[in-house]
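First the structure, in the form of structure tokens, and then the observations on it.
None of these values were measured; they are calculated from a predicted model. Numbering starts at 1 and runs along the sequence shown. These values consider heavy atoms only, across backbone and side chains, with no hydrogens, waters or symmetry-generated copies.
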Amino acid sequence: MEEIEKLLSRRPELDCCKNDIKFACELLIECFRSGNQLLLCGNGGSAADCEHIAGEMVKRFSRPRPLSEKIKKKLGEDLSKNLHGALPALSLPSMVGFTTAFVNDDEPEYAFAQQVVAFGKPGDILLGISTSGNSDNIIHAIKTANALGLQTIGLTGEAGGKVASLCKLCIQVPASQVPLVQELHLPVYHTFCQVVEDTLFP
């Protein structure tokens with residue numbers, strides 16, 4: 001994939017993740033082509049990454065995403081010319097009303113898992129972002145996703161933690177300090193967005 005080679009030319013330290021990044025792109029393309037959705041979860045800076053990824057998927061990333069003729073016909077000219085082809089991606093940390101209610105009434109570390117029960121279906125993907133790979137709420141969400149037939153992808157630091165052993169695929173970027181891990185996560189997930197967009201909206 002050309003975009004992965006471009007990524008590695010900019011960030012050669014990510015060469016160790018090349019095959020996993022490629023596999024993640026393939027899983028995401030298959031998911032969206034099948035009419036399924038991407039769920040995302042993370043804490044703190046990783047929660048912000050979830051919002052960032054979801055935003056890039058739902059609207060165009062770097063190129064036009066024409067609507068299908070079928071959708072254009074339903075929407076009419078005015079709506080069609082102002083809307084993009086979209087990919088269904090949901091940032092679970094962004095549901096503030098749900099989250100504050102759940103952490104007040106129930107065990108906070110199961111909040112993401114509860115959302116997976118609500119939204120997840122077989123063929124969907126859960127992308128869990130954890131710099132340590134050991135965040136309990138991410139682990140519970142991944143276990144729930146596995147049980148319900150979702151594909152699971154982890155995005156962690158080099159150690160991988162428990163997330164690495166639980167996910168179908170875990171991209172373990174070569175850093176251990178939180179800011180440096182997060183610095184490497186962004187170009188990885190931007191590459192996801194670019195490869196998926198280039199493939200599904202040629």
Side-chain angles (χ1 to χ4, degrees), residues 1 4 7-8 11 13-31 34 36-50 52-54 89-93 99 102-103 106-192 195-196:
M1 295 180 181
I4 296 176
L7 167 66
L8 299 181
R11 304 304 298 253
E13 66 269 43
L14 288 169
D15 187 69
C16 59
C17 302
K18 177 180 178 179
N19 291 336
D20 290 334
I21 294 171
K22 182 175 184 289
F23 188 25
C25 291
E26 290 169 350
L27 289 175
L28 288 163
I29 290 165
E30 179 184 357
C31 169
S34 301
N36 290 93
Q37 64 181 339
L38 171 64
L39 307 180
L40 304 118
C41 60
N43 299 300
S46 298
D49 288 333
C50 292
H52 189 164
I53 297 166
L90 180 62
S91 170
L92 300 183
T99 302
F102 193 91
V103 301
D106 299 284
E107 293 295 327
E109 67 189 58
Y110 291 90
F112 289 144
Q114 179 63 42
Q115 289 169 292
V116 173
V117 169
F119 300 115
K121 59 185 185 298
D124 289 348
I125 290 176
L126 176 71
L127 174 57
I129 307 175
S130 172
T131 56
S132 69
N134 290 314
S135 303
D136 285 338
N137 56 352
I138 305 298
I139 290 166
H140 294 317
I142 291 168
K143 288 180 176 179
T144 303
N146 287 335
L148 296 179
L150 283 73
Q151 305 267 31
T152 50
I153 300 174
L155 184 56
T156 71
E158 61 188 350
K162 295 177 182 177
V163 166
S165 64
L166 291 170
C167 286
K168 175 173 184 174
L169 169 67
C170 188
I171 299 169
Q172 298 165 236
V173 301
S176 55
Q177 296 180 28
V178 171
L180 298 180
V181 174
Q182 292 175 331
E183 187 176 307
L184 290 175
H185 280 180
L186 189 148
V188 169
Y189 67 69
H190 263 183
T191 300
F192 294 167
V195 171
V196 169

Practice task
Would you give the length of the straight line joining atom SG of Cys167 to atom CD1 of Ile139, rounded to the nearest 0.5 angstrom?
Solution key: 9.5 Å

Practice task
Compare every heavy atom of Pro93 with every heavy atom of Gly42, then report the nearest pair and how far apart it is.
Solution key: O-CG, 3.5 Å

Handout entry: N/O donor-acceptor pair under 3.5 Å between Glu109 side chain and Asp136 backbone
Key = no

Exercise for the section: Determine the minimum heavy-atom distance between Ser46 and Ile129, stating which atoms define it. Expected result: OG-CG2, 3.5 Å

Exercise for the section: With the side chain counted from C-beta on, respond yes when Lys22 and Lys18 share a heavy-atom pair under 4.5 Å apart, and no when they do not. Expected result: no

Exercise for the section: Any chance you could lay out the side chain to side chain contact (heavy atoms under 4.5 Å, CB included) test for Ile171 and Phe192, step after step, and finish with the verdict? Expected result: CA-CA 12 Å; Ile171 299 169; Phe192 294 167; 3.4 Å; yes

Exercise for the section: Would you name the heavy atoms of Ser176 and Glu158 that are closest together and state the gap between them? Expected result: CB-OE2, 3.6 Å

Problem - Lys121 atom NZ: more than 12 heavy-atom contacts under 6.0 Å - result: yes

Problem - Under 3.5 Å: donor-acceptor pair, side chain of Ser132, backbone of Asn134 - result: yes

Exercise for the section: Give a yes or no answer on whether the side chain of Thr152 reaches the backbone of Lys168 with a donor-acceptor pair at less than 3.5 Å. Expected result: yes

Exercise for the section: Check Leu127, Leu90, Ile125 against Leu39 for a side chain to side chain contact (heavy atoms under 4.5 Å, CB included) and give me the one that passes. Expected result: Leu90

Handout entry: With Ile21, the side chain to side chain contact (heavy atoms under 4.5 Å, CB included) member among Leu155, Val188, Val173
Key = Val188

Practice task
Kindly indicate whether the side chain of Cys31, heavy atoms from C-beta on, has any atom under 4.5 Å from the side chain of Gln151.
Solution key: no

Exercise for the section: Please answer whether the main-chain N or O of Phe119 pairs with a side-chain N or O of Gln37 as donor and acceptor at a distance below 3.5 Å. Expected result: yes

Practice task
Considering non-hydrogen atoms only, spot the tightest contact between Leu148 and Pro122 and give its length.
Solution key: O-CG, 3.6 Å

Exercise for the section: Take the angle between the ring planes of His52 and His190 and call it parallel below 30°, perpendicular above 60°, tilted in between. Expected result: perpendicular

Handout entry: Any donor-acceptor N/O pair, Asn146 side chain to Leu166 backbone, under 3.5 Å
Key = yes

Handout entry: Ala24 versus Leu169, closest heavy-atom pair with distance
Key = N-CD2, 3.4 Å

Practice task
Check the surroundings of atom CD in Glu13: do more than 12 heavy atoms from other residues, nucleotides or ligands lie under 6.0 Å from it?
Solution key: yes

Problem - Over all atoms of both residues, closest heavy-atom pair of Leu7 and Pro187 - result: CD1-CB, 3.6 Å

Practice task
Please examine the side chains of Cys41 and Leu126, heavy atoms only from C-beta on, and report whether any two atoms are closer than 4.5 Å.
Solution key: yes

